[in-house]
There are 2 protein chains.
Amino acid sequence: MSLQHALLTSIVEKPCSGYDLARRFDKSIGYFWHATHQQIYRELARMEEQGWVSSSEVEGGRAGKKRFDILPAGRMELQRWAAESAAPMRLRDDMLVRLRADAAVGPLGLTGELERRLALHEQELATYRAIEQRDFSRQPLSREAEIHYLILKAGISFEEGRVQWTKEALAILQKKQPPAR
Amino acid sequence: MSLQHALLTSIVEKPCSGYDLARRFDKSIGYFWHATHQQIYRELARMEEQGWVSSSEVEGGRAGKKRFDILPAGRMELQRWAAESAAPMRLRDDMLVRLRADAAVGPLGLTGELERRLALHEQELATYRAIEQRDFSRQPLSREAEIHYLILKAGISFEEGRVQWTKEALAILQKKQPPAR
DNA sequence: CACTCCATGTAAGGGGTTACATGATTTA
DNA sequence: TAAATCATGTAACCCCTTACATGGAGTG
């Protein structure tokens with residue numbers, strides 16, 4: 001149940017509408033905690049019921065547009081949750097299942113898909129590197145910026161690992177299974 | 001819907017009961033595709049309905065114990081799925097949300113939790129290293145072993161990345177926020 | 001006037017988690 | 001004979017995904 005907390009964090013950073021949240025998510029917290037707009041609207045409604053956030057019609061905006069603000073109870077909840085202990089994230093990768101199937105039943109022609117994913121990981125890495133250059137190249141950084149940079153570095157390290165590993169996977173599959181197919 | 005395929009793979013490797021699958025999962029595919037025994041029983045029942053696997057009472061075993069075998073349709077499905085293209089795994093880490101909350105509202109005392117997770121990641125890494133020594137230190141490896149090793153290396157690289165990153169996170173949080181809590 | 005973007009939502013279905021339930025077999 | 005382990009399952013709940021629905025506002 002931590003999408004709620006991701007939303008609370010985003011609202012603390014800057015109060016806004018569900019639509020704005022959905023878009024901002026794609027470019028910030030969404031990099032490491034993805035959510036669709038349907039999830040976001042549902043959780044916002046629940047949090048309003050619970051008294052964690054309040055909504056008000058935006059004047060001068062489009063009809064029906066709301067702005068969400070955090071309430072004291074929401075702030076308390078965010079602090080309570082942040083201090084809570086939880087299981088660290090697990091690796092959960094369907095490609096590893098595919099590879100194990102390949103090992104069990106014989107070559108399944110996974111190299112094409114591996115190449116496709118390699119390109120995606122490289123692209124994601126390039127995106128992160130661009131953000132790094134744009135936002136964090138000027139030292140010294142504030143405490144806030146330093147933590148944001150730390151978060152970005154988690155993404156960079158993850159994608160770098162993926163890129164390297166995927167290259168190794170391709171090398172091994174191609175070694176054992178020459179150009180044919 | 002890829003738990004079914006993980007189960008098919010495991011059954012191809014060695015036909016067995018749902019209970020055995022649940023236990024074997026914890027020590028093989030479960031490292032990168034976790035599932036509880038309830039999920040496993042449910043998916044096995046569905047796959048039997050679909051004609052992907054067959055079950056038969058085990059003679060000489062405990063009452064009610066079944067053995068699942070893969071059927072031709074299951075094998076076909078496994079191959080079809082393996083060749084399918086899909087989105088690569090996403091990073092999804094609640095700690096990054098917590099850090100962002102910390103950046104937004106001020107120090108939340110995350111170092112204790114980071115230390116706890118660091119220890120868990122180091123422990124997981126040690127487990128993987130032990131498997132590496134035990135199963136993959138004698139060269140050359142068969143194609144199957146080479147792929148199993150590749151899968152293990154995905155886990156090793158992931159945990160190594162986590163360990164390094166978590167240490168960096170601790171350094172940054174402690175720098176800005178001296179011993180006091 | 002049609003198209004796109006803004007902005008909100010409902011509904012259905014699947015997957016995952018947790019709690020609970022049942023009974024047989026081995027082990028102390 | 002009591003406890004632990006083997007072995008299977010049901011039920012409830014929540015989260016996530018996908019498809020569908022609605023209508024206003026700006027743009028060509």
Side-chain angles (χ1 to χ4, degrees), chain A residues 1-8 11 15-27 29-30 32-50 53 55-68 81 86-94 97, chain B residues 1-8 10-11 15-27 29-30 32-50 53 55-68 81 84 86-94 97:
Chain A
M1 171 150 328
S2 117
L3 174 55
Q4 295 195 338
H5 302 99
L7 292 173
L8 285 176
I11 292 170
C16 64
S17 70
Y19 188 84
D20 294 335
L21 273 173
R23 276 187 326 166
R24 270 171 48 203
F25 243 59
D26 288 344
K27 303 187 175 183
I29 294 181
F32 51 88
W33 201 271
H34 179 260
T36 62
H37 82 271
Q38 290 80 355
Q39 278 176 275
I40 290 172
Y41 282 121
R42 186 190 341 140
E43 296 307 329
L44 285 173
R46 285 186 192 164
M47 288 198 291
E48 192 169 11
E49 274 178 38
Q50 287 167 316
V53 299
S55 73
S56 48
E57 288 278 320
V58 171
E59 318 217 342
R62 282 162 190 266
K65 179 160 183 172
K66 298 173 188 172
R67 194 186 71 170
F68 288 90
W81 167 79
M89 79 173 280
R90 278 170 185 274
L91 185 59
R92 180 163 249 251
D93 187 351
D94 63 289
V97 180
Chain B
M1 171 147 330
S2 121
L3 174 55
Q4 295 194 338
H5 303 100
L7 293 172
L8 285 176
S10 200
I11 292 171
C16 64
S17 69
Y19 189 83
D20 295 334
L21 274 174
R23 276 187 325 167
R24 271 171 48 202
F25 243 60
D26 288 343
K27 303 188 177 181
I29 294 180
F32 50 88
W33 202 271
H34 178 260
T36 62
H37 83 270
Q38 289 81 353
Q39 278 176 274
I40 290 172
Y41 283 120
R42 192 199 323 163
E43 295 308 328
L44 284 172
R46 284 185 192 165
M47 289 199 290
E48 192 170 10
E49 275 177 38
Q50 287 168 316
V53 299
S55 72
S56 48
E57 289 278 319
V58 171
E59 317 215 343
R62 279 162 189 267
K65 179 160 183 171
K66 297 175 189 171
R67 194 187 71 170
F68 288 89
W81 168 81
E84 206 180 56
M89 80 172 279
R90 276 170 186 276
L91 185 60
R92 180 164 248 251
D93 188 350
D94 64 290
V97 180

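Sequence lines set the chain letters: A, B, ... in the order given, protein chains first and strands last, and positions in each chain run from 1.
- The separation between B/Q4 atom CD and C/dG16 atom P is 10 Å, rounded to whole Å.
- Rounded to an integer number of Å, the gap from CD of B/E43 to C1' of C/dT17 is 14 Å.
- Checking D/dG9, D/dA19, C/dG16 against every side-chain atom of A/Q38, the shortest atom distance belongs to D/dA19.
- The distance between atom NE2 of B/H37 and atom C1' of C/dG16, rounded to the nearest whole Å, is 13 Å.
- Contact annotation: B/Q39 reaches the phosphate of C/dG16 (side-chain N/O to OP1 or OP2, under 4.0 Å).
- Contact annotation: B/R42 side-chain N/O to C/dG14 OP1/OP2 distance is not under 4.0 Å.
- Within the structure, every side-chain polar atom (N or O) of A/Y19 is placed at least 4.0 Å from both OP1 and OP2 of C/dT8.
- Computed from coordinates, the A/L44 CG to D/dC15 P distance equals 14 Å when rounded to whole Å.
- If you take CG of B/D26 and P of D/dT5, they are 15 Å apart, rounded to a whole angstrom.
- The distance from atom NZ of A/K66 to atom C1' of D/dG24 is 16 Å, rounded to the nearest whole Å.
- To the nearest angstrom, C1' of D/dT8 lies 11 Å from CD of B/E57.
- Once rounded to the nearest 0.5 Å, the distance linking NE2 of B/H5 with CE of B/M47 reads 8.5 Å.
- Out of C/dT10, C/dG15, D/dG9, the shortest distance to the side chain of B/Y41 is found at D/dG9.
- Comparing A/W33 and B/F68 along DNA chain D, the residue whose closest nucleotide (by nearest heavy atom) sits nearer the 5' end is B/F68.
- Residue B/T36 places no side-chain N or O under 4.0 Å from the OP1 or OP2 atom of C/dT18.
- Set against D/dC16, D/dT8, D/dA19, the side chain of A/L3 has D/dC16 as its closest nucleotide.
- The phosphate of C/dC5 (OP1 or OP2) has no side-chain N or O of A/K65 nearer than 4.0 angstrom.
- For A/R67 against A/P15, the heavy-atom pair with the smallest separation is CG-C, 4.1 Å.
- With values rounded to the nearest 0.5 angstrom, B/I40 atom CD1 is found 11.0 Å from B/R42 atom CZ.
- Taking only side-chain atoms of B/R46, from C-beta outward, the nucleotide of C/dT8, D/dC16, C/dG15 with the closest atom is C/dG15.
- Comparing atom distances between the B/D20 side chain and each of C/dT8, C/dT10, D/dA7 picks out D/dA7 as nearest.
- Of the candidate nucleotides D/dA7, D/dT17, C/dG16, D/dT17 has the atom nearest to the side chain of A/H34.
- Closest approach to the A/R23 side chain among C/dG15, C/dC6, D/dT8 is made by C/dC6 (side chain taken as heavy atoms from C-beta onward).
- Enclosure of atom CD in A/E57 by more than 12 non-hydrogen atoms of other residues, nucleotides or ligands within 6.0 angstrom is indicated.
- Take B/D26 and apply the salt bridge (charged side-chain N to carboxylate O under 4.0 Å, His left out) test, not counting sequence neighbours, and it matches no residue.
- Atom CD1 of A/I40 and atom C1' of D/dC15 are 14 Å apart (whole Å).
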Item to check | Residues A/E49, A/R46; criterion salt bridge (Lys or Arg N to Asp or Glu O under 4.0 Å); working and verdict | outcome: CA-CA 5 Å; A/E49 274 178 38; A/R46 285 186 192 164; over 6 Å; no

